[in-house]
Number of protein chains: 2
Amino acid sequence: MYALNKVKEYRKHRDLTQIELARRVGVARQTINLIENGKYNPSLSLCISLAKELLTDLNALFWEEEDEEQNT
Amino acid sequence: MYALNKVKEYRKHRDLTQIELARRVGVARQTINLIENGKYNPSLSLCISLAKELLTDLNALFWEEEDEEQNT
DNA sequence: CAATTGTGTCAATTATATATGACACCAAGT
DNA sequence: ACTTGGTGTCATATATAATTGACACAATTG
C-alpha cells in the first residue's frame, strides 16, 4: 500500500469515470483504479497529468502535511 | 527529457551532495543525478521522499504553474 | 428479467524506473 | 604531481509501473 491520495475525490467532483479520466491522461483504466486505491506508486509525469486534468496541483492530490516546517 | 524540477537547487541550498541525498532517500546516486538533469520520471513515492528530505513539498520541487485555474 | 455502466481485481506481458559497477572529468587540497 | 570528492554518463541487470484482456459484482435502466 502506498500513500493515500485524493484522485477519486477530485475525479468525482469533476464528474468523470475512471474510464474517462484514464482516456484523458492516456493510461489504462486499471492504472487509475490502482492509484485511487493506493495499490501503487505512479510516475511523476502521470501525477502531473492527473493534476492538470483535474484542475488542481500535486500537493492537493498527493501531499499530506506532517508538521509545518519552514525554510528560508 | 522530462519536466524540469528544482531538486538540485534545493539540494544545494541544504548543502547536500548527490551521494548524501541519495543515501538519505534510499536510492542510488545515479538516480538523483538523472532526476536533477531531467533525464527521467521518478516515482511519486521518491518525489515525496525528496520533498521531505529537502524540507519542502511536491509543488515546490516539481510543479510549474501554467495559467491560474480555479475550481469550486 | 435482460442489458448496460462503473468499478474492483486477476494473470500475463511490455516498458521503464532504479540498482550496480565502472570510467572520465574537473576542481581543491597536500 | 598526486590524491580525493563531487559530478556526468555508460552498459547491464532487476524491480515494478503500466498495458491488455478478461471476469465478477452492484446498481441502474428498458
Side-chain angles (χ1 to χ4, degrees), chain A residues 1-66 69-72, chain B residues 1-66 69-72:
Chain A
M1 280 299 182
Y2 293 91
L4 300 184
N5 63 71
K6 301 202 178 109
V7 173
K8 178 180 285 187
E9 186 177 325
Y10 274 79
R11 174 176 61 78
K12 296 228 158 181
H13 191 248
R14 290 276 155 212
D15 252 308
L16 297 172
T17 71
Q18 293 181 348
I19 297 172
E20 178 60 16
L21 180 56
R23 204 188 55 71
R24 293 197 191 184
V25 300
V27 297
R29 177 180 67 88
Q30 286 86 335
T31 300
I32 301 295
N33 191 309
L34 289 167
I35 292 170
E36 288 190 350
N37 292 318
K39 299 258 175 64
Y40 69 45
N41 199 6
S43 68
L44 175 60
S45 67
L46 176 50
C47 293
I48 291 173
S49 298
L50 286 169
K52 288 182 179 169
E53 194 56 49
L54 296 174
L55 303 177
T56 182
D57 58 39
L58 289 173
N59 281 356
L61 285 182
F62 302 107
W63 188 251
E64 27 189 324
E65 301 295 334
E66 318 251 291
E69 185 84 43
Q70 206 57 16
N71 45 358
T72 48
Chain B
M1 282 298 182
Y2 293 92
L4 300 185
N5 63 70
K6 301 202 178 109
V7 173
K8 178 180 285 188
E9 184 177 328
Y10 274 77
R11 175 176 62 78
K12 296 227 159 183
H13 191 248
R14 292 275 157 213
D15 251 309
L16 297 172
T17 70
Q18 292 182 347
I19 297 172
E20 178 60 16
L21 180 56
R23 204 188 55 70
R24 293 198 191 183
V25 300
V27 296
R29 176 181 68 86
Q30 287 85 335
T31 301
I32 301 295
N33 191 308
L34 289 168
I35 292 169
E36 288 190 352
N37 293 317
K39 299 258 175 62
Y40 70 45
N41 198 7
S43 68
L44 176 59
S45 67
L46 176 50
C47 293
I48 291 174
S49 299
L50 286 169
K52 288 184 180 168
E53 194 57 48
L54 297 174
L55 303 177
T56 183
D57 58 39
L58 289 173
N59 282 356
L61 285 182
F62 301 107
W63 188 251
E64 27 189 323
E65 301 296 334
E66 320 250 290
E69 187 83 45
Q70 206 57 16
N71 45 358
T72 49

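Chain naming here is simple, since letters A, B, ... match the order of the sequence lines and numbering starts at 1 in each.
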Legend entry - B/Asn33 CG to D/dA11 P, straight-line distance once rounded to whole Å: 16 Å

Legend entry - 5′-ward residue of the pair B/Ser43/B/Ile19 relative to DNA chain D: B/Ile19

Inset, instruction - Find the distance B/Leu16:CG to D/dG6:C1' and express it as a whole number of Å. - result: 13 Å

Inset, instruction - Tell me whether the OP1 or OP2 atom of D/dG8 has a side-chain N or O from B/Asn37 closer than 4.0 Å. - result: yes

Legend entry - Distance in angstrom units between B/Gln30 CD and D/dG6 P, rounded: 15 Å

Legend entry - Spacing between B/Leu34 atom CG and D/dT7 atom P, to the nearest angstrom: 14 Å

Legend entry - OP1 or OP2 of C/dA17 under 4.0 Å from side-chain N/O of B/Lys39: no

Inset, instruction - May I ask you to decide if A/Asn59's main-chain N or O and A/Asp57's side chain share a donor-acceptor pair within less than 3.5 Å? - result: yes

Inset, instruction - Would you mind reporting whether B/Leu50 and B/Leu21 have side-chain heavy atoms less than 4.5 Å apart? - result: yes

Legend entry - Rounded interatomic separation in angstrom, taking OH from B/Tyr40 and C1' from D/dA17: 13 Å

Inset, instruction - For side-chain contact (heavy atoms from CB on, under 4.5 Å), just list the numbers for A/Leu46 and A/Thr31, CA-CA rounded to whole Å, side-chain angles, deciding distance to a tenth of an Å, and then say yes or no. - result: CA-CA 10 Å; A/Leu46 176 50; A/Thr31 300; 3.9 Å; yes

Legend entry - Rounded distance (nearest 0.5 Å) linking atom CD of B/Glu36 with atom NZ of B/Lys12: 8.0 Å

Legend entry - Atom-pair distance (CG on A/Asn41; P on C/dT16), nearest Å: 17 Å

Legend entry - Whole angstrom value for the distance that separates P of C/dG8 from CD1 of A/Ile35: 13 Å

Inset, instruction - Examine D/dG5: is either OP1 or OP2 under 4.0 Å from a nitrogen or oxygen in the side chain of B/Arg29? Give yes or no. - result: no

Inset, instruction - Kindly point out which of D/dT7, D/dT19, C/dG8 is positioned nearest to the side chain of A/Gln18? - result: C/dG8

Legend entry - From CG (A/Leu58) to CD (B/Glu64), nearest 0.5 Å: 10.5 Å

Inset, instruction - Would you tell me if any nitrogen or oxygen in the side chain of B/Lys8 comes within less than 4.0 Å of OP1 or OP2 on D/dG8? - result: yes

Inset, instruction - Using a heavy-atom cut-off of under 4.0 Å over every strand shown, decide if B/Thr31 touches base, sugar-phosphate, or nothing. - result: sugar-phosphate

Inset, instruction - Would you please confirm or rule out a distance under 4.0 Å between OP1 or OP2 of C/dT7 and any side-chain N or O of A/Arg11? - result: yes

Inset, instruction - Would you kindly give the OH-to-C1' distance between A/Tyr2 and D/dA17, to the nearest whole Å? - result: 9 Å

Legend entry - First of A/Val27 and B/Glu36 reached from the 5' end of DNA chain D, by closest nucleotide: B/Glu36

